[in-house]
Amino acid sequence: MNLEYLAFTAQGMELAAALARALGGTPARCGAPEGLAGWTARAFRQAEGLVFVGAAGIAVRAIAPHVRSKAADPAVVVVDEAGRFAIPLLSGHLGGANDLARRIAALLGGQAVLTTATDVRGAFAVDAWARHQGCAVVNPAAIRRVSAKLLAGQAIALRTDWPPTGEPPPGVLLAQGADCDVRVTLRPEQTDALVLVPRIAVLGVGCRRGTPQAALEAAFSALLARGDLRPQAVRKACSLDRKQDEPGLLAFCRAHGFPLETFGAPALRAVPGDFAASPFVERVTGVDNVCERSAVLGSGGEILVKKQAGNGVTMALALAPYSPDWRWKDE
């Protein structure tokens, strides 16, 4: 987890530095070199978790202009200077603030102050489960409906294409039919259920030099349609190392939030499998297929959609192995 810490006093800075040594991340003292507003704006944009060491009121006022939604906001935790309390303020489940508060409290010998209803009642938290199982939430507004049923003592029906290992937690029933409260799938089905999408697809990309972002977008849309796949399933893009500075590809990846991982031609040539070979591509790049080989190498899995080519772009999709369980919080 990419963490940033902000302290307001010398004592707070010592605690922030100690947490950074234990959990990773960067500690900073307010005002040196950034003020509160500047630090918060930057960290809210760039970090996965923000830890304020100081008063909760200061943290609340600082983050207020930046709050968007539970699906987009980073985790925010406030810790008092004595390390007695760690309080999640934002994105307790989807962003991981509750787990982060638990870890901080354990390190400091303090107490995590959790106020989310499912945690207070010891109930299954479907949004926390989604995060722990590497799933994107397609329709976050449906989380409230599912949690309300659990908190009312009713069971929820969960249908998944990957049965989790172990026994379901209390109040969760595995369903087989279309009528369910939670659906775990890669497919763009029509459903009123809360839809969770495992982020296990890896996009392999090859393109001519100077290919514009628009061409990549069109190829990506066509590839998803051919694979009957939701875009949320894709977790990163992979390509040949000579494409690591390709402007159109970089813009495409930024637009979708995809990290771009690149490989050298020898590494791609060494990937075992039956791939759509191109003598021309091999002469130019040193490897007979970029998109399929990079997708397989980047996923450690198997091809889902083979090479699709057109308008100077080649793309393929591979799926990483996926074995969910019922873990929904750090123990």
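None of the values given here were measured: they were computed from a predicted structure. When reading the values below, keep in mind they use all heavy atoms of this one structure, side chains included, and skip hydrogens, waters and symmetry mates.
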Hey, does S239 have a side-chain heavy atom less than 4.5 Å from the side chain of V290?
yes
Between SG of C207 and CD of Q213, what distance do you get to the nearest 0.5 Å?
12.0 Å
Would you compute the distance between atom OG1 of T115 and atom CD1 of I87 and round it to the nearest 0.5 angstrom?
9.0 Å
With no hydrogens and no angle check, just 3.5 Å: does a side-chain donor-acceptor pair link Q133 and D325?
yes
Are H66 and T40 close enough, and set up right, to give a side-chain contact (heavy atoms from CB on, under 4.5 Å), and what steps lead you there?
CA-CA 9 Å; H66 308 287; T40 305; 3.8 Å; yes
For D119, give me all partners under side chain to side chain contact (heavy atoms under 4.5 Å, CB included), at least two apart in sequence or on another chain.
H93, N98, R102, L114, T116, W328
May I ask you to test the L3-L100 pair for a side-chain heavy-atom distance under 4.5 Å?
yes
Between F8 and L89, is there a shared hydrophobic cluster once you connect ILVMFWY residues whose side-chain heavy atoms come closer than 4.5 Å?
yes
Taking K307 first and then E292, would you say they form a salt bridge - that is, a charged N and a carboxylate O separated by under 4.0 Å?
no
How many angstroms lie between CZ in R68 and CZ in F44, if you round to the nearest 0.5 Å?
6.5 Å
D73 side chain to S91 backbone, donor-acceptor under 3.5 Å
no
Under a 4.5 Å cut-off applied to non-hydrogen side-chain atoms, are V184 and V195 in contact?
no
Can you see whether T211 engages E246 through a side-chain donor-acceptor pair at a distance of less than 3.5 angstrom?
no
Are L173 and V126 in one and the same hydrophobic cluster, where Ile, Leu, Val, Met, Phe, Trp and Tyr link if side-chain heavy atoms are under 4.5 Å apart?
no
Could you check whether any side-chain N or O of E48 sits under 3.5 Å from a backbone N or O of N2, counting only pairs where one atom can act as donor and the other as acceptor?
yes
Does atom CZ of R226 have more than 12 heavy-atom neighbours, drawn from other residues, nucleotides or ligands, at distances under 6.0 Å?
no
Taking salt bridge (charged side-chain N to carboxylate O under 4.0 Å, His left out) as the cut-off, I'd like each qualifying pair that reaches into residues 32-44, sequence neighbours left out, listed once.
E4-R42, E34-R42
Flag if over 12 foreign heavy atoms under 6.0 Å of CD, Q46
yes
Value for CD1 (I143) from CG (L94), rounded to nearest 0.5 Å, stands at 4.5 Å
Take T314 and Q308 through the side chain to side chain donor-acceptor pair (under 3.5 Å) test and state the conclusion after the steps.
CA-CA 5 Å; T314 62; Q308 305 295 306; over 6 Å; no
Linking I/L/V/M/F/W/Y whenever their side-chain heavy atoms sit closer than 4.5 Å, directly or via other members, would V197 and V146 fall into one cluster?
yes
Under the side-chain contact (heavy atoms from CB on, under 4.5 Å) criterion, do L260 and K236 qualify, and how do the steps go?
CA-CA 6 Å; L260 176 62; K236 66 178 176 180; over 6 Å; no
So, do F220 and L203 sit near enough that their side-chain heavy atoms are less than 4.5 Å apart?
yes
Is it the case that more than 12 heavy atoms not belonging to Q154 sit under 6.0 Å from its CD atom?
yes
Among the clusters formed by ILVMFWY side chains lying less than 4.5 Å apart, do W39 and V76 turn up in the same one?
yes
Might you work through the side-chain contact (heavy atoms from CB on, under 4.5 Å) test for L23 and I104, ending with a clear yes or no?
CA-CA 8 Å; L23 298 174; I104 290 172; 3.8 Å; yes
Salt-bridge criterion met for R159 and D179 (N-O under 4.0 Å)
no
Rounded to the nearest 0.5 angstrom, the OG1-CG distance for T160 and L196 is 8.5 Å
List, one per line, each side-chain donor-acceptor pair under 3.5 Å for residues 56-65, sequence neighbours excluded.
none

Does the side chain of L19 come within less than 4.5 Å of L108's, by heavy atoms?
yes
Main-chain N/O of A141 paired to N139 side chain as donor or acceptor, under 3.5 Å
no
Check step by step if side-chain contact (heavy atoms from CB on, under 4.5 Å) holds for F275 and V296.
CA-CA 10 Å; F275 303 110; V296 170; 4.0 Å; yes
Less than 4.0 Å between a side-chain N and a carboxylate O, is that true for D161 and R183?
yes
Answer yes or no: is there a donor N or O on one side and an acceptor on the other, between the side chain of S147 and the main chain of R144, under 3.5 Å?
no
Are V137 and V234 grouped together when hydrophobic residues (ILVMFWY) are joined by side-chain heavy atoms under 4.5 angstrom apart?
yes
Hey, are D288 and R293 close enough for a salt bridge, meaning a charged N less than 4.0 Å from a carboxylate O?
yes
Hey, does V202 have a side-chain heavy atom less than 4.5 Å from the side chain of F258?
no
Could you check whether the rings of W326 and W129 sit parallel, tilted or perpendicular, using 30° and 60° as the cut-offs?
parallel
Smallest separation among heavy atoms of R29 and L6, with atom names
C-CD1, 4.1 Å
Classify the angle between the aromatic ring planes of F252 and H256 as parallel (below 30°), tilted (30 to 60°) or perpendicular (above 60°).
tilted
Counting neighbours of CZ on R209 that are heavy atoms of other residues, nucleotides or ligands and sit closer than 6.0 Å, is the number greater than 12?
no
Side chains of H132 and D99: any donor to acceptor distance under 3.5 Å?
yes
Nearest heavy-atom approach of L317 to A201 is CD2-CB, 4.4 Å
I want to check something: taking the side chain as every heavy atom from C-beta on, are C135 and Y322 in contact at a cut-off of under 4.5 Å?
yes
Do you know which two heavy atoms are closest between L151 and A123, and how far apart they sit?
CD2-CB, 4.3 Å
Heavy-atom closest pair (G227 atom, V305 atom, distance to 0.1 Å) is CA-CG2, 3.5 Å
Do P27 and M13 make a side-chain contact, defined as non-hydrogen atoms from C-beta onward lying under 4.5 Å apart?
yes
S294 side-chain N/O to G204 backbone N/O, donor-acceptor pair under 3.5 Å
no
To check you understand the geometry: which heavy-atom pair defines the closest contact between A75 and G95, and what is its length?
CB-O, 3.4 Å
How far does NZ of K306 sit from CG of N289, to the nearest 0.5 angstrom?
9.0 Å
Heavy atoms only: give me the nearest C180-A175 pair and the separation to one decimal.
CB-CB, 4.3 Å
